[in-house]
Amino acid sequence: MSLYIPPDFELILKSYGNETLLFHSASGDTLLLGPTAVPLVQRLRQGPLDKQPLFEHVAEQLNYEVDDEFISHMEEVLSGLMKRDIVAAQ
Amino acid sequence: MTSRISDFDIDHLHALLKSSGLFLKTGPFTYRIRSSVRSVAEGLFLLYGQNRFFPEMEFVDFDIRLDSPNSLRRRFRPKLDFYFDHQTPFKPLPISQAFAFLEWGMNWCVSVHMNQYLKLHAAVLEKNGRALVMPAAPGSGKSTLCAALMLRGWRLLSDEHALVSLHDSHLIPVCRPISLKNKSIKVIEQFDNKALFGPLCKDTHKGTVTHMRPDARSVELDDTPVKPGWMVFPKYIVEGETRLTERIKETAFLKAGEQSFNYSLLGAKGFETMSKLIEACDCYNFSYSNLDEAVETFEKLSATAV
């Protein structure tokens, strides 16, 4: 399953050095992203990627182990982003 | 020489309001106000007397009228309708609430129109060339604090609307009377006996309401924008300590967005403008109960203006 950011809408990331805000033009909403969502979104902005290598990328960025707990957490993060139409699967 | 609304007497103003109407310019907006209700004339005379008088205007942003809908109601159920471009967006209110109704209606005009600005529900004041923006929900003590700061020399830009320029994120003044309600009226009366109030409207949906006149300098500078300096989220806490604590900009951004009338409507432009505004501001939470201590805290803060 390849994950991607739908190209129809604009995503803007903004940080003042503490946390990261994401503006999604489809909804007009602004979200505060958690620490694992930030590298996930940043990576998908570069192009589509399958779930497994995407999770591995996030773990590598944050120096985390890819264990069951991490995967379960990432599934939740991904599900939240997909519900908000920020990330889609093909 | 510039004419002021207070150059006329109340009878003259009342006659004008009953006929062609009064052109009232506040910040970038022009209202044409018509009403046969005398307390409206009295309130306008007292609270907007320092504003310029314009015998006519080429453009009117908001054409409003406050009157009874017909002669029967005028006689048996003395209620008023607020007309905006011949529409009545609100339920009628008792004639005793006429001036408050006018002020609420004028606020509504700005809140739901004029999307060439990012608009926040916030008080805005200026000191040392920088704007203090205080976004807050009703009941937070925003207006009481705003009134106290103005009475201690801060310039008032608005008690209700922070209008942020989409071009440079500067704050655009829209200087009008400060709305005070219930206990805060007495608090400000006791805080400074120079405070000048308009008609007292009792038993409104907000309780007892009145409006306080802005100082002359704030009205005079009503077309001079200000660079942003501080964003402070105030909270009145009964017998609470005076406390100013730094707040990270990311959560300040979201909180300010919650208090915006049109942030989502403006889309990416709203995000960009809010980003610049927050970037330019030091952000704080502020809790208080003692107004003197609160003013002292903001005096110290204003000294940090660069």
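Convention: sequence-line order gives letters A, B, ...; per-chain numbering from 1.
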Pair [X] + [Y]: ring centers closer than 6.0 Å:
X: B:Phe233; Y: B:Phe286; value: no
X: B:Tyr31; Y: B:Phe84; value: no
X: B:Trp108; Y: B:Phe90; value: yes

Between B:Ser179 and B:Asp159, which heavy-atom pair has the shortest distance, and what is it?
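Heavy atoms of B:Ser179 and B:Asp159 come nearest at N-OD2, 3.0 Å.
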
For the residue pair B:Gly270 and B:Leu118, what are the closest heavy atoms and their distance?
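Closest heavy-atom pair between B:Gly270 and B:Leu118: O-CD2, 4.2 Å.
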
Output the donor-acceptor atom pairs between chain B and chain A under 3.5 Å, with atom names and distances to 0.1 Å.
{"residue": "B:Glu250", "atom": "OE1", "partner": "A:Asn18", "partner atom": "ND2", "Å": "3.3"}
{"residue": "B:Glu250", "atom": "OE2", "partner": "A:Tyr16", "partner atom": "N", "Å": "2.8"}
{"residue": "B:Glu250", "atom": "OE2", "partner": "A:Gly17", "partner atom": "N", "Å": "3.4"}
{"residue": "B:Glu250", "atom": "OE2", "partner": "A:Asn18", "partner atom": "N", "Å": "3.1"}
{"residue": "B:Glu250", "atom": "OE2", "partner": "A:Glu19", "partner atom": "N", "Å": "3.0"}
{"residue": "B:Tyr263", "atom": "OH", "partner": "A:Thr30", "partner atom": "OG1", "Å": "2.2"}
{"residue": "B:Ser264", "atom": "OG", "partner": "A:Gly28", "partner atom": "O", "Å": "3.3"}
{"residue": "B:Ser275", "atom": "O", "partner": "A:Tyr16", "partner atom": "OH", "Å": "2.9"}
{"residue": "B:Glu279", "atom": "OE1", "partner": "A:Lys14", "partner atom": "NZ", "Å": "3.0"}

Among B:Leu254, B:Leu265, B:Leu266, which has the most heavy-atom pairs under 4.5 Å with chain A?
B:Leu254

If you count every heavy atom of other residues, nucleotides or ligands that lies below 6.0 Å from B:His205 atom NE2, does the total exceed 12?
yes

